[in-house]
Amino acid sequence: MNVQDILSAQVNEAVKNIFDVDLETVEFQPTRKDFEGDITLVTFPMLRQIKTSPVKLGEAIGQYLVENNKDISKFNVVQGFLNIVLADQFYLDFFGSMKDNTSFGKTPEGEQSIMVEYSSPNTNKPLHLGHVRNNLLGYSVAEILKASGKKVYKTQIINDRGIHICKSMLAWQRFGNDETPETSGLKGDKLVGNYYVKFDKAYKEEVSYLLAQGKTEEEAKAEAPILKDAQEMLRKWEAGDKEVVELWKTMNQWVYNGFEETYQKLGVDFDKNYYESDTYLLGKNVVAEGLEKEVFYRKDDGSVWIDLTADGLDEKIVLRSDGTAVYMTQDIGTAIQRVKDFHINGMVYTVGNEQDYHFKVLFLILKKLGYDWADNLYHLSYGMVDLPTGKMKSREGTVVDADDLIDEMNATARKISEELGKLDGYSAAEKDELYHIIGLGALKYYILKVDPRKRILFNPEESVDFQGNTGPFIQYTYARIQSILRKAEFDYSQPILAYNLNDKEKELIKQLQLYPETILLAAENHSPALIANYTYELVKVFNSFYQNVTILGTEDETEKKFRVQLSKAVGDVIKSSFELLGIQVPERM
RNA sequence: GGUCGCGUAGCUCAGUUGGAUAGAGCAUCUGCCUUCUAAGCAGACGGUCAGAGGUUCGAAUCCUCUCGCGAUCACCA
């Protein structure tokens, strides 16, 4: 039971005793900085039930609380706000209970299990900044859900089939001269991506040739021979043509190797990969079931639809007239398959907001089909990452490549670190590792601190900041704390039972208290941004403490021990919260 | 056109049960390295919370309308 619940009960009691009224609501909020107090009772809403002035009511309740609760040392009333001051002992007790708790803030794993899907790339081109946002969000939300007591499985569905990969394959056959990642020294995904661009170039040339021949644009685009060949290749693939399937396997493997390298650099991972080549036929039997249950209906041409106009949506196709599956069919089938595979009660889909409509429809269909877990599906919908020049487009080469971006961040971290020159005694390898931690920390924090729903405008010219509300700022604070702990060569483990807290210390403990509820809130909202902002607040308060209060230099032994303990606890929470964001923290920087 | 999302300081963003004088960082300007790491601290400057109505003791927050930006409404995925 937290303070608020206890106080709430006591306020009810007070009002019952003094005014003989049963309160409907008791509202608290943190006390504003300009007033003395820790927690504030808002008395306005009570005035509906109690006919008196807000000030008199506040005074009466305050008086009662001070007399009946040992944790409350004093109070003051400003207008309708009863500011309550909690005793130092209350904070010391809390601090004593959390300081050595290595899983402070986290909820033990319970019954609920959930699958988080993220990344889900196509295999015809390398990962770019948009995927980076997706990966960071998905990974972090998975970690946050774990910390809130869920069993979590991370997955990606790899879009390994379709016309797009055939385009790369065809271009490689035509123009590749048997180039491989080994012979070219190129990362596999980059190599395959190059051929996707080459296909597009050749295709455009053919289209303009056909246009010059007098074809309409529509005709030219549909009739370009190279496109026809790619479509033919897809047909062969679907028919299981040996040669095509071999090439497909080879080139996809190059891409997977390349992706794996990028994932490793990014520090994300998956418990299970689903491949579209395995799942694209799933869902057709569900369509048959849905037809029986009359959730779906068949049109004259044989195509199958669902009518969602009563739900404010449109009619949506779930099976083509030729009996083949569409995107929706596949997603229905895959969802059901995953529940079978992992016995999960819910799923989170990390997919851009351009697919809001698709997921709204998908979830609704699954609900109409009668799956009880359909209520626990969540589309983690995030805004696009745009460049100052507009949208990123792979085919036009206006993308920020994930690998390049990571390298640039590392280089910036290196440059700043070298200028500051604080790393005496570190080997070259240790330094490189540190630059990666800092560079990636800057990038991850930059992306995760903003509300997922918002679009991000990324300007490659202006590099990501390393000062202020940034990853490195928080990492730096962590490193400072570790430096103090290294220097504190005495036993500071004994709990401090009595101590007079100063303002900075008290503020720090208050901020530590917020960590558990912040995790729960972040999990509920699927928002790493809440964790990022919480950590930033904590770090700001600590830096103010650090700069204004002597820690190791103080004479008083109790004071010294307490301050070291407090610093350590803050460091532990920084590390813990940054783990939820997938960001590492350095011992020095 | 229908639907969904967004609009807060010059820029990037917080502001989640409606609460007190709307907060940070960057940028600009002042101070602070002889004491635990200055990627820091202390401070100044900066606001029509897109606009207009409404609900309420009280609205950046809830409702309605308007404007702006984006997405989406494919037998593509």
Side-chain angles (χ1 to χ4, degrees), chain A residues 25 27-29 31-35 40 42-45 47-48 54 78-81 83 120 122 159 161-164 276 280 299 301-305 312-322 324-328 330-331 352-358 360-361 381 383-384 386 391 413 416-417 419-420 422 438 442 446 449-451 453-457 459 462 465-477 479-488 521 524-525 527 529-530 532-533 536-537 539-540 543-554 563-564 567 588-589:
Chain A
T25 56
E27 265 186 50
F28 290 98
Q29 59 183 293
T31 305
R32 283 185 71 100
K33 285 215 172 74
D34 334 311
F35 301 94
T40 294
V42 187
T43 62
F44 292 110
L47 295 173
R48 278 188 214 112
V78 181
Q79 298 168 38
F81 300 94
N83 300 319
S120 303
N122 290 352
N159 201 346
R161 65 166 283 280
I163 191 72
H164 51 83
E276 213 187 82
Y280 80 108
K299 284 193 178 174
D301 63 4
S303 56
V304 179
W305 297 72
L313 303 170
D314 301 283
E315 293 187 328
K316 192 82 189 172
I317 189 161
V318 292
L319 205 63
R320 291 195 190 100
S321 52
D322 63 4
T324 56
V326 292
Y327 180 37
M328 188 63 74
Q330 192 188 132
D331 267 8
N353 63 9
E354 64 211 350
Q355 293 196 39
D356 283 355
Y357 184 74
H358 173 77
K360 211 183 258 185
V361 172
S381 160
M384 296 289 102
D386 291 330
K391 271 186 107 164
I416 294 173
S417 292
E419 278 166 14
L420 293 171
K422 296 181 190 176
I438 298 171
Y446 175 84
K449 76 172 177 183
V450 319
D451 187 321
R453 280 171 304 182
K454 291 191 175 173
R455 277 195 301 158
I456 289 184
L457 186 70
N459 190 342
E462 299 167 18
D465 278 336
F466 283 67
Q467 279 167 6
N469 186 2
T470 66
F473 167 70
I474 293 167
Q475 291 172 320
Y476 174 70
T477 304
R480 270 178 154 181
I481 292 172
Q482 300 318 302
S483 170
I484 286 181
L485 299 181
R486 281 193 295 272
K487 288 182 178 161
L521 199 63
E524 238 173 81
N525 291 284
S527 175
L530 297 178
N533 287 312
Y536 176 59
E537 283 303 318
V539 162
K540 264 205 309 188
N543 275 323
S544 178
F545 163 77
Y546 177 90
Q547 212 90 3
N548 292 291
V549 176
T550 310
I551 299 170
L552 296 173
T554 180
R563 288 176 183 168
V564 173
S567 302
R588 285 175 59 182
M589 70 184 271

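Below, chains carry the letters A, B, ... as their sequence lines are ordered, and counting in each starts from 1.
- Taking atom CZ of residue Phe28(A) and atom P of nucleotide G18(B), one finds them 16 Å apart after rounding to whole Å.
- If you take atom C1' in A24(B) and the same atom in A42(B), they sit 16 Å apart, rounded to whole Å.
- Look at the P atom in both G23(B) and U16(B): the space between them is 13 Å, to the nearest Å.
- Residue Tyr536(A) and nucleotide A24(B) are not classified as a stacked aromatic pair, given the requirement of ring centres less than 5.5 Å apart at an interplanar angle below 30°.
- In the interface, the side chain of Ser544(A) is not paired with the base of A42(B) through any donor and acceptor atom under 3.5 Å apart.
- Between A20(B), C41(B), A39(B), one nucleotide has an atom nearer to the side chain of Leu420(A) than all others, and that is A39(B).
- Taking the side chain as every heavy atom from C-beta outward, Tyr476(A) and Val539(A) never approach each other to under 4.5 Å.
- At A20(B), none of the side-chain N or O atoms of Lys33(A) fall inside 4.0 Å of OP1 or OP2 (strictly under the cut-off).
- Put simply, the side chain of Arg563(A) gets close to the backbone of Thr550(A): a donor and an acceptor are under 3.5 Å apart.
- The base of A39(B) has none of its N or O atoms less than 3.5 Å from a complementary donor or acceptor on the side chain of Thr470(A).
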Take Asp465(A) and Thr470(A) through the test side chain to side chain donor-acceptor pair (under 3.5 Å) and record every step on the way to the result. CA-CA 7 Å; Asp465(A) 278 336; Thr470(A) 66; over 6 Å; no

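- When both pairing distances are held under 3.5 Å, G40(B) makes a Watson-Crick or G-U pair with C32(B).
- If you check distances only, the side chain of Asp356(A) never reaches the base of U72(B) with a donor-acceptor pair under 3.5 Å.
- At a cut-off of 3.5 angstrom, counting only N and O atoms as typed in the model, there is no donor on one side facing an acceptor on the other between the side-chain of Gln29(A) and the base of G19(B).
- Separation of the P atoms belonging to C11(B) and G54(B) is 31 Å when rounded to the nearest angstrom.
- Base pairing analysis places G47(B) opposite nothing; no Watson-Crick or G-U wobble pair with both distances below 3.5 Å involves it.
- Ring-to-base geometry does not place Phe473(A) in a stacked arrangement with G40(B) (centre distance under 5.5 Å, plane angle under 30° required).
- Residue Lys487(A) has a polar side-chain atom (N or O) positioned under 4.0 Å from OP1 or OP2 of U37(B).
- Between Glu354(A) atom CD and G5(B) atom P the separation is 17 Å, expressed in whole Å.
- A salt bridge between Asp451(A) and Arg453(A) is present, with a side-chain N of the basic residue lying under 4.0 Å from a carboxylate O of the acidic one.
- One can place CD1 of Ile317(A) at 12 Å from C1' of C76(B), the figure rounded to the nearest angstrom.
- Using P as the reference atom, G53(B) and U17(B) are 26 Å apart when rounded to the nearest Å.
- Figure legend. A59(B) is base-paired to no nucleotide; pairs are counted as Watson-Crick or G-U wobble with both atom distances under 3.5 Å.
- Rounded to whole angstrom, the span from the CG atom of Asn459(A) across to the C1' atom of G10(B) amounts to 16 Å.
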Passes side chain to side chain contact (heavy atoms under 4.5 Å, CB included), Asn533(A) versus Asn469(A)? Steps please. CA-CA 9 Å; Asn533(A) 287 312; Asn469(A) 186 2; 4.3 Å; yes

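- Side chain of Thr477(A) to backbone of Phe473(A): a donor-acceptor contact under 3.5 angstrom is found.
- In this model, the phosphate group of G23(B) is approached by a side-chain N or O of Arg32(A) to a distance below 4.0 Å at OP1 or OP2.
- Here G5(B) presents its P atom at 11 Å from CG of Asn353(A), a figure rounded to the nearest Å.
- Comparing Lys422(A) and Met328(A) by the nucleotide of RNA chain B whose heavy atom lies nearest to each, the residue mapping closer to the 5' end is Lys422(A).
- In terms of position along RNA chain B, the nucleotide closest to Asp34(A) lies nearer the 5' end than the nucleotide closest to the other residue of the pair Asp34(A) and Asn122(A).
- Base orientation of C33(B): syn (glycosidic angle within 90° of 0).
- For U12(B), neither phosphate oxygen OP1 nor OP2 lies less than 4.0 angstrom from any side-chain nitrogen or oxygen of Arg455(A).
- Nucleotides C13(B) and U30(B), compared at atom P, are 29 Å apart to the nearest Å.
- Looking at Asn83(A), its side chain comes within 3.5 Å of the base of A20(B) through a donor and an acceptor atom.
- Base pairing analysis places U17(B) opposite nothing; no Watson-Crick or G-U wobble pair with both distances below 3.5 Å involves it.
- Base pairing of C4(B) is made with G70(B), judged by Watson-Crick or G-U wobble geometry with both donor-acceptor distances under 3.5 Å.
- Here the P atom of nucleotide C11(B) and the CD1 atom of Ile456(A) are 18 Å apart, to the nearest Å.
- Taking atom P on both nucleotides, U21(B) is separated from U3(B) by 38 Å, rounded to a whole Å.
- With hydrogens and angles ignored, the 3.5 Å screen pairs a side-chain donor or acceptor of Arg320(A) with a backbone N or O of Ala325(A).
- If you take NZ of Lys316(A) and P of A77(B), they are 11 Å apart, rounded to a whole angstrom.
- Dashed line: the shortest gap from a side-chain N or O of Ser483(A) to OP1 or OP2 of C36(B) is not under 4.0 Å.
- Across all strands, Val564(A) comes closer than 4.0 Å to no nucleic acid atom at all (heavy-atom distances).
- Listed nucleotides: U8(B), U3(B), C57(B). Nearest to the side chain of Arg48(A): C57(B).
- G40(B) has no stacking from Tyr476(A) on its base ring, since the centres under 5.5 angstrom apart and planes within 30 degrees of parallel are not both found.
- Of all nucleotides present, only A52(B) satisfies the Watson-Crick or G-U wobble test against U64(B), with each distance under 3.5 Å.
- The separation of C26(B) from C65(B), taken at their C1' atoms, amounts to 37 Å, rounded to a whole angstrom.
- The phosphate of G5(B) (OP1 or OP2) has no side-chain N or O of Ser381(A) nearer than 4.0 angstrom.
- Contact annotation for Met589(A): base contact, defined as any heavy-atom pair under 4.0 Å involving a base atom.
- Atom CZ in Arg453(A) sits about 20 Å away from atom P in G70(B), given to the nearest Å.
- By the 30° and 60° cut-offs, the orientation of the rings of Phe44(A) relative to Phe81(A) is perpendicular.
- Of the side-chain N and O atoms in Arg480(A), one or more sit less than 4.0 angstrom from OP1 or OP2 of A38(B).
- No contact: Thr324(A) has no heavy atom under 4.0 Å from any strand.
- Distance noted for atom P between G15(B) and U8(B): 14 Å (whole Å).
- Residues Arg588(A) and Gln482(A) form no side-chain contact, since every pair of their non-hydrogen atoms from C-beta on lies 4.5 Å or further apart.
- Using a 3.5 Å distance cut-off with no hydrogens or angles, the side chains of Asn543(A) and Arg480(A) do pair a donor with an acceptor.
- Not one side-chain nitrogen or oxygen of Arg563(A) sits closer than 4.0 Å to the OP1 or OP2 atom of C36(B).
- At a threshold of 4.0 angstrom between heavy atoms, the contacts of Asn548(A) are confined to the sugar-phosphate backbone, with no base atom among them.
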